[in-house]
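Residue numbering restarts at 1 for every chain, and letters A, B, ... go by the order of the sequence lines.
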Number of protein chains: 2
Amino acid sequence: MQDMHLVHHECGDCPIRHRAVCARCETDELARLEQIKYYRSYQAGQTVIWSGDRMDFVASVVSGIATLTQTLEDGRRQMVGMLLPSDFVGRPGRATAAYDVTATTDLVMCCFRKKPFEDMMVTTPRVAQRLLEMTLDELDAAREWMLLLGRKTAREKIASLLGIIARRDASLRLKTPKGALIFDLPLTREEMADYLGLTLETVSRQISALKRDGVIHLDGKRHVTIPDFDRLMDEAGDDSDGGVLG
Amino acid sequence: MQDMHLVHHECGDCPIRHRAVCARCETDELARLEQIKYYRSYQAGQTVIWSGDRMDFVASVVSGIATLTQTLEDGRRQMVGMLLPSDFVGRPGRATAAYDVTATTDLVMCCFRKKPFEDMMVTTPRVAQRLLEMTLDELDAAREWMLLLGRKTAREKIASLLGIIARRDASLRLKTPKGALIFDLPLTREEMADYLGLTLETVSRQISALKRDGVIHLDGKRHVTIPDFDRLMDEAGDDSDGGVLG
DNA sequence: TTCCTGACTTGATTTACATCAATGCTGTTT
DNA sequence: AAACAGCATTGATGTAAATCAAGTCAGGAA
């Protein structure tokens with residue numbers, strides 16, 4: 001992976017997404033962040049931090065995927081966040097982690113010690129403003145996710161998740177064979193189940209059903225082809241009228 | 001209701017919660033907000049705004065309760081937010097509403113025209129910083145809610161919701177008869193169902209079950225007594241170790 | 001090659017909740 | 001006082017997804 005650290009997203013590579021900090025247009029702010037940054041790497045499956053643990057840094061995903069999960073006493077697990085490159089982890093003003101953070105793929109994060117980062121938020125308003133935008137985006141995503149968890153059927157849940165992954169992948173690759181989307185699932189069946197509030201068996205059955213009905217193709221267990229994205233979206237049950245920015 | 005507009009929460013009354021704007025300690029900022037504020041009132045049941053509608057203001061709840069809901073094509077509804085006094089509605093930088101906003105009780109909101117408010121966010125970093133804190137709190141609440149929607153049983157969902165309402169009420173009243181909590185449900189059974197991802201019949205049945213088992217008392221349909229809050233929380237199924245700030 | 005392991009699939013059965021359908025309350029209208 | 005409307009309760013039945021239980025399949029180690 002190229003060095004994605006702290007340069008402008010619209011220039012291709014900024015973990016604190018565009019506008020907050022930019023190597024080209026905000027060199028002074030960048031310089032301040034440079035002084036407190038460091039990297040951490042994790043292998044697929046490793047836990048980054050446990051809920052309740054002391055957390056003396058905030059961070060930004062450079063490459064790979066991390067998940068946030070919550071667990072009930074008896075072990076029931078619910079994923080509550082999926083962090084992709086450029087997403088932010090950690091909360092300024094909080095001393096301990098509120099969720100389990102796990103690397104589901106190999107993961108590189110760019111970390112900032114909390115205290116200096118917080119100081120910088122005060123002296124550099126633009127960082128707080130950018131963080132606000134990102135947090136509002138996450139809140140919207142969380143609310144979309146709540147609709148999925150509370151009201152969608154298993155089939156709709158699977159279709160929605162495939163849509164989310166496909167869209168993200170498309171935005172990374174920017175180029176797709178005519179109409180069809182192709183990608184590898186970055187999650188196991190169990191992780192998908194934790195995302196969707198289902199069991200892994202139900203996930204498996206519904207994927208088989210979508211395959212049987214020609215909505216998706218599967219090559220092996222992970223390699224997915226979506227021949228008709230609109231068809232998939234019909235299966236997702238979402239409100240018809242455009243997106244949030246309609 | 002007293003005039004709750006734009007003074008310090010810790011002094012009893014601030015719709016943009018404490019620290020951002022305070023009549024006593026931040027008079028200059030207050031003055032700027034004063035110039036662009038106005039009030040709106042709604043009756044219980046009225047819709048404040050529909051998802052997709054143009055929204056040229058942001059606002060803060062002064063009194064009453066508003067809900068945010070999302071709807072699927074076929075009418076399935078999921079509540080995704082419950083706004084209490086001091087909570088913020090609307091998103092700087094977005095032109096249209098992303099959710100249906102409804103007054104579930106009589107409601108008064110303090111509004112700010114979007115453009116001047118956004119200008120002020122740039123010139124007054126403290127407002128953006130405070131908004132960030134509030135949004136992060138909301139995100140945490142949303143994630144807690146996701147765990148509820150995805151993994152809790154109907155009984156646990158009801159117990160959790162009663163706990164949430166009881167806690168909020170306790171924090172408003174600051175005083176409770178020895179041990180027992182007493183409050184009126186601000187939601188209909190159907191609204192509770194939309195909150196919890198259930199049907200109203202299931203809500204009704206589970207409330208009856210909790211009553212039968214002595215976890216709660218009901219006087220009429222809305223007036224609730226919680227004789228033992230810890231007992232209720234056991235029913236909610238949550239992780240044992242303290243709160244987020246443990 | 002065989003064995004093993006972890007991820008996945010598929011089948012049989014159970015169950016929690018949804019759905020369909022009365023019926024009961026409480027307050028308001030006339 | 002009767003009639004009505006809006007909420008809430010309760011019962012009977014149906015069903016989507018969970019649970020329990022075998023398998024299958026691909027990759028890695030011995």
Side-chain angles (χ1 to χ4, degrees), chain A residues 43-46 67 72 74-78 102 104-105 148-162 184-213 216-224 235 237, chain B residues 43-46 67 72 74-78 102 104-105 148-162 184-213 216-224 235 237:
Chain A
Q43 291 173 353
Q46 255 192 304
T67 60
L72 296 170
D74 60 3
R76 283 174 284 172
R77 284 164 57 85
Q78 177 64 53
T102 311
T104 60
T105 65
L148 175 151
L149 289 171
R151 295 303 188 191
K152 287 189 180 177
T153 65
R155 174 184 258 246
E156 289 168 338
K157 286 178 175 182
I158 296 288
S160 301
L161 177 55
L162 292 174
D184 285 310
L185 287 171
L187 305 175
T188 66
R189 299 292 185 266
E190 186 168 24
E191 285 164 339
M192 293 175 72
D194 286 342
Y195 189 112
L196 300 170
L198 297 172
T199 59
L200 67 93
E201 293 95 328
T202 298
V203 169
S204 181
R205 272 186 253 273
Q206 295 300 332
I207 288 179
S208 298
L210 289 173
K211 188 169 58 172
R212 180 166 21 77
D213 299 345
I216 63 174
H217 291 241
L218 257 190
D219 189 9
K221 291 146 195 296
R222 298 292 194 92
H223 195 70
V224 182
E235 296 284 352
Chain B
Q43 290 173 352
Q46 256 193 303
T67 60
L72 262 22
D74 60 3
R76 283 173 284 171
R77 283 163 56 85
Q78 177 65 53
T102 312
T104 59
T105 66
L148 176 151
L149 289 171
R151 295 302 189 193
K152 288 188 180 178
T153 65
R155 174 184 260 246
E156 288 168 338
K157 286 178 175 182
I158 297 288
S160 301
L161 177 55
L162 291 175
D184 285 310
L185 286 172
L187 304 176
T188 65
R189 299 291 184 266
E190 185 169 24
E191 286 163 340
M192 293 176 72
D194 286 342
Y195 188 112
L196 300 170
L198 297 171
T199 60
L200 68 93
E201 293 95 329
T202 298
V203 169
S204 183
R205 273 185 251 272
Q206 295 299 333
I207 288 179
S208 298
L210 289 173
K211 188 168 58 172
R212 179 165 22 75
D213 299 345
I216 63 174
H217 291 243
L218 256 190
D219 188 9
K221 292 145 195 295
R222 298 293 193 94
H223 195 70
V224 181
E235 295 286 350

Handout entry: B:Leu148 to B:Lys157 - nearest heavy-atom pair and separation
Key = O-CE, 3.3 Å

Handout entry: Atom-pair distance (CG on A:Leu187; P on C:dA7), nearest Å
Key = 13 Å

Practice task
Assign B:Gly197 to base, sugar-phosphate, or nothing according to its heavy-atom contacts below 4.0 angstrom with the strands shown.
Solution key: sugar-phosphate

Practice task
Using a 4.5 Å cut-off on heavy atoms from C-beta on, say whether the side chain of B:Leu196 contacts that of B:Lys152.
Solution key: no

Practice task
Kindly say if A:Arg205 contacts the phosphate of C:dT10, meaning a side-chain N or O under 4.0 Å from OP1 or OP2.
Solution key: no

Problem - Length of the line joining B:Lys157:NZ and C:dC17:P, which is rounded to integer Å - result: 7 Å

Practice task
Would you mind classifying the nucleic acid contact of B:Ser208 as base, sugar-phosphate or nothing, using non-hydrogen atoms under 4.0 angstrom?
Solution key: sugar-phosphate

Handout entry: Verdict with supporting geometry, A:Gln206 and A:Met192, side chain to side chain contact (heavy atoms under 4.5 Å, CB included)
Key = CA-CA 12 Å; A:Gln206 295 300 332; A:Met192 293 175 72; over 6 Å; no

Problem - 5′-ward residue of the pair A:Glu201/B:Val203 relative to DNA chain D - result: B:Val203

Fill in the blank from the handout: Its 5'-most and 3'-most nucleotides having an atom under 4.0 Å from a non-hydrogen atom of chain B, DNA chain D is contacted over D:dA8 to D:dA12

Problem - Pairwise side-chain contact, A:Glu235 with A:Arg155, heavy-atom cut-off 4.5 Å (strictly under) - result: yes

Exercise for the section: Give the rounded distance in Å between these two atoms: CZ of B:Arg76 and P of C:dC17. Expected result: 18 Å

Practice task
Check every strand shown and say whether B:Ile207 touches a base, only sugar-phosphate, or nothing at a heavy-atom separation below 4.0 Å.
Solution key: nothing

Exercise for the section: Find the distance A:Leu210:CG to C:dT10:P and express it as a whole number of Å. Expected result: 13 Å

Practice task
Hey, which sits more toward the 5' end of DNA chain C by its nearest nucleotide, A:Arg222 or A:Arg151?
Solution key: A:Arg222

Fill in the blank from the handout: NZ (B:Lys221) and OG1 (B:Thr188) are apart, to the nearest 0.5 Å, by 12.0 Å

Problem - A:Arg77 and A:Asp194 ion-paired at < 4.0 Å - result: yes

Practice task
To the nearest Å, give me how far apart CG (B:Leu198) and P (C:dT15) are.
Solution key: 20 Å

Practice task
Name the closest nucleotide to the B:Ala154 side chain, picking from C:dC8, C:dT9, C:dC17.
Solution key: C:dC17

Handout entry: Interatomic distance where NZ belongs to A:Lys221 and P belongs to C:dA7 [whole Å]
Key = 11 Å

Handout entry: pair A:Gln78-A:Leu149: side-chain heavy atoms closer than 4.5 Å
Key = yes

Handout entry: Value in whole Å for how far the C1' atom of C:dC17 lies from NZ of B:Lys152
Key = 18 Å

Exercise for the section: Mind calculating the distance between CD (A:Gln206) and P (C:dT9) to the nearest angstrom? Expected result: 12 Å

Practice task
Look at all strands and tell whether A:Ser204 reaches a base, only sugar-phosphate, or nothing, counting heavy atoms closer than 4.0 Å.
Solution key: base

